[in-house]
Amino acid sequence: MSVKILGKSKGFYDTYERRPGNNHEQTHYCPGCGHGILHKMIADAVVDFNVAENMILISPVGCSVFAYYYFNAGNIQAAHGRAPAVATGVKRALPESIVISYQGDGDLAAIGGNEILHAANRGEAMTVFFVNNAIYGMTGGQMAPTTLIGQKTTTTPYGRTLQNEGYPIKMAEIIASLEAPVYVERVMLADVRSKNAARKAVRKGIKNQIEKKGFSFIEVLSTCPTGWKMTAPQSEEWIKSTLVKNFPLGVYKDIADQVEPLNLDLNLATPERVPKLIGLEQDKMEFDTASMKLATDIDQEIKIAGFGGQGVLSLGVWLSEIGMRQDLEVSWIPSYGPEMRGGTANCHVKLSRAKIGSPLVTYPTVLVAMNRPSLEKFEDDVVEGGAIVWDSALIDVEPQRKDIKNIPVPATQIAKDIGNSRVSNVVLLGVLAGFSDFLDPLVVR
Amino acid sequence: MAKQFVKGNEAIVKGAILAGCRAYYGYPITPASEIAQAAALYMPLVGGTFLQAESEIAAINMVYGAAGTGIRAMTASSSPGFSLKQEGISYLAGAELPCVVVDITRGGPGLGNIAPEQGDYHQVVKGGGHGNYKNIVVAPNSAQEMCDLTMLAFELADKYRNPTVVLADGFIGQMMEPVDFPEPVTEFAEKTWAVRGVDRDRMNLVSSIELDPDDLERHNQKLQAKYEIIKNNDTRYEEYLLDDAEFVVVGYGIVSRLIYTAVNQLRDEGVKVGMLRPITLMPYPTKRIAELAVRDQVKAFSVIELSNGQMVDDVRLAVNGAKPVEFYGRMGGNVPSIKELVHEIKRMMRVL
Ligand SMILES: Cc1ncc(C[n+]2csc(CCOP(=O)(O)OP(=O)(O)O)c2C)c(N)n1
Ligand code: SF4
């Protein structure tokens with residue numbers, strides 16, 4: 001079963017060499033199938049508008065999966081339902097190209113429902129042709145989301161029912177309800193008149209893209225004689241008598257004349273300019289650490305813990321940056337996830353002369369406790385001879401250990417006195433870094 | 001260029017942009033969201049595209065489209081999101097499109113948790129999508145490597161026209177370390193196969209469909225031949241104290257950092273132990289492990305993973321029965337302490 005597309009378009013290849021077998025003259029579509037007719041309308045339009053060489057056709061999964069046999073254009077074949085996402089990636093990379101997403105009703109309205117909705121909602125500057133033949137043609141006549149109530153298909157042998165499968169989905173109406181699309185129309189391929197109207201819609205959808213107007217969506221009620229088990233003339237009749245009653249034709253939205261063309265210009269930086277643009281030309285320090293020094297004759301494994309919001313993590317980062325400035329090996333790792341919210345936060349900092357293996361601190365040489373739960377939770381872990389630096393203005397208990405250096409710092413109070421209660425972490429940094437000799441005598445395992 | 005103290009996740013994005021990546025498509029998920037956030041911050045500054053997609057499925061298909069036009073494109077996610085990308089990755093592999101996918105793994109199965117796990121080894125290294133394909137997979141273990149191996153991933157992806165995965169875990173993504181950023185890549189090979197909407201590549205087709213069984217078999221054979229070349233040319237691994245080692249500990253990613261510390265402690269105790277760290281997981285350093293396995297002095301291998309034991313299969317295949325292969329794993333996001341690792345490595349040695 002194959003049919004010649006009457007009066008071949010210049011938008012098609014001269015012969016269909018990609019089509020397997022010996023028949024390179026005719027398409028693979030069944031006689032009376034609407035796909036071939038719509039193909040020709042698209043091909044003619046891009047030729048007429050002189051953009052055939054700029055066209056990139058995204059073919060779907062469905063009977064039109066092989067659209068690339070025919071269109072003399074850049075061709076990209078997409079996974080089932082994903083054509084609008086693929087088209088998005090293409091159009092964003094090549095704003096000057098004419099990107100067409102061509103999809104069936106299973107492809108677009110069932111498996112690809114999410115992709116089409118969001119491409120439309122973003123107003124991607126592409127043109128979508130949606131072939132609604134109320135059935136899955138390629139896989140053997142199963143129900144489509146557009147199948148009519150009562151319609152028999154191979155997976156609705158008793159007819160589609162409201163209760164089991166629900167109503168046929170009306171995509172043109174849905175897409176038109178979104179703000180971004182500039183043009184939404186439903187047409188049909190049933191007789192000469194309706195085909196002329198369809199041709200006009202196809203051209204308008206493509207012209208909109210040439211003029212950078214935004215997202216255009218053309219739903220095409222199309223014949224599937226094979227799936228419908230009808231002759232070609234019967235199929236056209238059925239569209240007119242039945243299908244169109246459920247899917248009214250018309251322009252559902254057209255604001256193309258009212259909108260300004262989109263600015264799609266790419267302004268790609270040359271590689272040479274990249275380091276400057278992304279801030280890689282200079283060392284970036286979150287904190288001015290130039291005057292600070294850590295005494296690290298010995299490796300330090302520091303755990304800093306407190307409430308989220310106290311600046312626990314930043315204190316760790318600053319310490320690490322000081323260490324990095326002093327050519328130490330450094331690592332910083334936070335406790336992350338739910339722990340970060342509301343509850344306690346802690347981070348692990350390692351400062352070492354040698355390469356750092358595990359970045360995790362299980363037994364700290366220095367514990368910086370910024371609240372009571374942290375002191376109580378980690379006190380026992382501190383190594384013998386290590387130090388506990390704690391905010392004595394916030395914590396109303398003392399460390400119990402006698403084998404560690406006990407360094408109370410009323411950090412919150414000092415911060416308040418300076419006039420900003422949120423900088424207690426800076427006070428602690430001063431203690432840790434400014435008065436470096438306190439870290440010096442630490443005995444480490 | 002600058003040495004900066006940055007998170008592994010941020011190093012990935014800066015590395016990607018230095019490598020010429022100009023399109024990022026992604027969907028947020030902990031612990032990979034910082035990658036999307038950094039891309040959202042930096043991509044516009046270089047005129048690139050950042051788009052938060054409606055799903056991981058859409059994101060990988062946007063990458064498919066972008067890669068089809070010949071530009072360097074990427075996406076990133078964490079385990080559940082990587083599962084959703086599998087369909088798209090299979091299509092990319094079939095159509096031989098280069099791209100970089102980052103997986104910052106978390107605990108599974110299902111929603112699991114957001115703690116670091118290595119339970120994605122099978123789904124990333126062995127496929128996960130349908131068909132006879134393989135990803136190239138690199139496994140960084142530091143913030144520096146998050147940058148360097150991401151850049152390498154783009155090179156390998158282009159060189160072999162193959163999806164390349166940067167497989168890391170929540171720890172390496174969250175960890176901050178100094179990173180020496182390299183100079184930007186300035187030379188890119190011409191992609192004559194790309195579809196660019198210009199007359200000269202109008203005959204180009206990006207597709208993974210081959211109806212004829214013989215054609216599809218030929219295509220698959222070509223892919224297998226390519227994987228063989230990748231194996232011969234681009235297998236990477238790191239060795240630590242293996243010269244006189246009697247025990248070889250194998251681990252990748254964050255685990256290799258723990259093993260490094262544990263090996264040092266065991267060496268201090270006089271135990272002759274060393275580490276082999278695969279840097280590429282596909283291709284796997286099978287040959288090197290096989291060589292070690294037949295060394296007289298090597299008594300056994302032990303494999304450590306944050307999983308139920310996935311990479312250990314590859315070690316066993318490489319060792320091929322020549323020596324015992326023991327396994328120790330933690331799951332759920334638990335990370336063994338060094339004490340625990342040292343204990344386990346000793347226990348595994350005693351089993352022998
Ligand atoms: C993920 C996936 N699921 C299912 C299929 C099988 N499949 C191929 S075409 C198709 C339906 C196509 O129907 P439609 O989109 O209406 O296009 P038509 O063939 O009617 O033109 C299906 C379900 C597939 N290829 N991929
Ligand atoms: S099955 Fe239907 S949609 Fe598919 S080619 Fe035949 S008539 Fe056309």
Side-chain angles (χ1 to χ4, degrees), chain A residues 18 20 53-56 58 65 68 72-79 82 85-90 92-94 96-98 114-115 117-118 266-269 271-275 277-278 280-285 317 320-321 324 330-334 336-338 355-360 362, chain B residues 1-5 14 17-18 20 22-23 25 30-31 42 45-47 49 54-55 57-58 61-66 68-69 71 87-88 91 114-115 171 174-178 181 184-186 195-199 201-202 204-209 211-212 257-258 260-261 264 335 337-338:
Chain A
R18 286 203 174 113
E53 67 186 51
N54 308 113
M55 171 173 162
I56 297 180
I58 318 298
V65 64
Y68 62 82
N72 186 356
N75 280 287
I76 297 185
Q77 202 293 307
R82 317 301 177 212
V86 173
T88 297
V90 172
R92 298 285 182 118
L94 301 170
E96 295 302 321
S97 60
I98 300 301
N114 204 28
E115 284 78 9
L117 201 63
H118 286 272
L266 286 178
N267 189 12
L268 293 175
E272 293 74 13
R273 289 178 57 222
V274 160
L277 292 171
I278 61 171
L280 285 181
E281 276 192 332
Q282 273 154 21
D283 294 356
K284 176 189 81 178
M285 290 285 163
V317 172
S320 311
E321 289 193 345
M324 183 174 101
V330 296
S331 68
W332 172 98
I333 196 162
Y336 69 87
K355 183 172 155 187
I356 294 170
S358 168
L360 297 172
T362 317
Chain B
M1 288 252 296
K3 187 177 194 182
Q4 292 188 346
F5 191 65
K14 290 186 165 166
I17 293 176
L18 289 172
R22 293 292 180 272
Y25 294 98
T30 309
Y42 295 119
L45 301 181
V46 296
T49 300
E54 58 270 28
S55 69
I57 295 174
N61 281 285
M62 290 170 184
V63 167
Y64 179 95
T69 71
I71 68 167
E87 176 202 49
Y91 279 72
I114 59 169
F171 259 127
Q174 298 295 318
M175 190 162 69
M176 285 180 96
E177 287 182 316
F181 285 98
V185 176
T186 52
V195 172
R196 280 167 294 212
V198 289
D199 197 37
D201 45 50
R202 230 160 135 180
N204 287 351
L205 168 67
V206 169
S207 162
S208 60
I209 190 169
L211 272 198
D212 180 82
R257 299 281 295 262
L258 310 182
Y260 179 85
T261 303
N264 285 343
V335 179
S337 67
I338 299 303

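Given the structure is predicted, the values throughout are model-derived calculations rather than measurements. Within every chain, numbering begins at 1; the chains are lettered A, B, ... in the order of the sequence lines, protein sequences first and strands thereafter.
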CD1/A/Ile56 to CG/B/Asn204 distance, rounded to the nearest 0.5 angstrom?
10.0 Å

Interchain contact, A/Ile98 with chain B, by part (heavy-atom threshold 4.5 Å)
neither

B/Phe5 and A/Ser320 have their tightest heavy-atom pair at CZ-CB, 3.0 Å

Please enumerate all residues that pass salt bridge (charged side-chain N to carboxylate O under 4.0 Å, His left out) together with A/Glu281, with sequence neighbours excluded.
none

Among the options A/Ser358, A/Pro275, A/Ala93, pick out the one with the most heavy-atom pairs lying under 4.5 Å from chain B.
A/Ser358

Is it the side chain or the backbone of B/Ile71 that comes within 4.5 Å of chain A heavy atoms, both, or neither?
side chain

Side chain, backbone, both or neither: which part of A/Ala73 has an atom under 4.5 Å from a heavy atom of chain B?
backbone

For A/Thr362 and B/Ser337, indicate whether the former's side chain and the latter's backbone hold a donor-acceptor pair under 3.5 Å.
no

With a 4.5 angstrom heavy-atom cut-off, which part of B/Val335 approaches chain A: side chain, backbone, both or neither?
side chain

Looking only at non-hydrogen atoms, find the nearest pair between B/Tyr25 and A/Arg92 and report the distance.
OH-CB, 3.3 Å

Count the heavy-atom pairs under 4.5 Å between each of A/Ile58, A/Asn114, A/Asn267 and chain B, then report the option with the highest count.
A/Asn114

Which pair of non-hydrogen atoms, one from A/Ala85 and one from B/Met62, has the smallest distance, and what is that distance?
O-CG, 3.2 Å

Provide the closest heavy-atom pair for B/Ala58 versus A/Glu115 in the form atom of the first, atom of the second, distance.
N-OE2, 4.1 Å

For B/Arg196, is it the side chain, the backbone, both or neither that has a heavy atom under 4.5 Å from a heavy atom of chain A?
both

Interface residue of largest heavy-atom contact number with chain A, from B/Ile209, B/Thr49, B/Asn264, B/Leu205, under 4.5 Å:
B/Leu205

Chain A contacts, top residue of B/Val198, B/Val185, B/Ile57 (heavy-atom pairs, under 4.5 Å)
B/Ile57

Highest number of heavy-atom pairs under 4.5 Å with chain B: which of A/Ala78, A/Ala87, A/Ser97, A/Ala269?
A/Ala269

Can you see which heavy atom on A/Leu94 is nearest to which on B/Val195, and at what distance?
CD1-O, 3.6 Å

Let me know if B/Leu211 has heavy atoms under 4.5 Å from chain A in its side chain, its backbone, both or neither.
side chain

Are the side chain of B/Arg257 and the backbone of A/Gly357 linked by a donor-acceptor contact shorter than 3.5 Å?
yes

Quick check: do B/Leu18 and A/Val274 have side-chain heavy atoms less than 4.5 Å from each other?
yes

Can you find a pair of side-chain heavy atoms, one from B/Tyr64 and one from A/Arg82, that are under 4.5 Å apart?
no

Mind checking whether A/Pro20 and B/Asp212 have side chains closer than 4.5 Å, heavy atoms only?
no

Under 4.5 Å from any heavy atom of chain A - which part of B/Val63
neither

Okay, A/Leu277 and chain B: the region with an atom under 4.5 Å from a heavy atom over there is both

Is chain B contacted by the side chain of A/Arg273, its backbone, both, or neither, given a heavy-atom distance below 4.5 Å?
neither

Can you tell me how far the CD atom of B/Glu177 sits from the CH2 atom of A/Trp332, to the nearest 0.5 Å?
11.5 Å

Relative to chain B, which segment of A/Ile76 carries a heavy atom at a distance below 4.5 Å: side chain, backbone, both, or neither?
both

Region of B/Glu54 in contact with chain A, defined by heavy-atom distances below 4.5 Å:
both

Heavy-atom closest pair, residues A/Pro271 and B/Thr186:
CB-CG2, 3.8 Å

Honestly, the part of A/Ile278 sitting under 4.5 Å from a heavy atom of chain B is both

Using only atom types and a distance under 3.5 Å, with no angle test, would you say the side chain of B/Asn61 pairs donor to acceptor with the backbone of A/Val86?
no

Can you name the salt bridge (charged side-chain N to carboxylate O under 4.0 Å, His left out) partners of B/Asp199, sequence neighbours left out?
B/Arg202

Toward chain A, the part of B/Ile338 with a non-hydrogen atom under 4.5 Å:
side chain

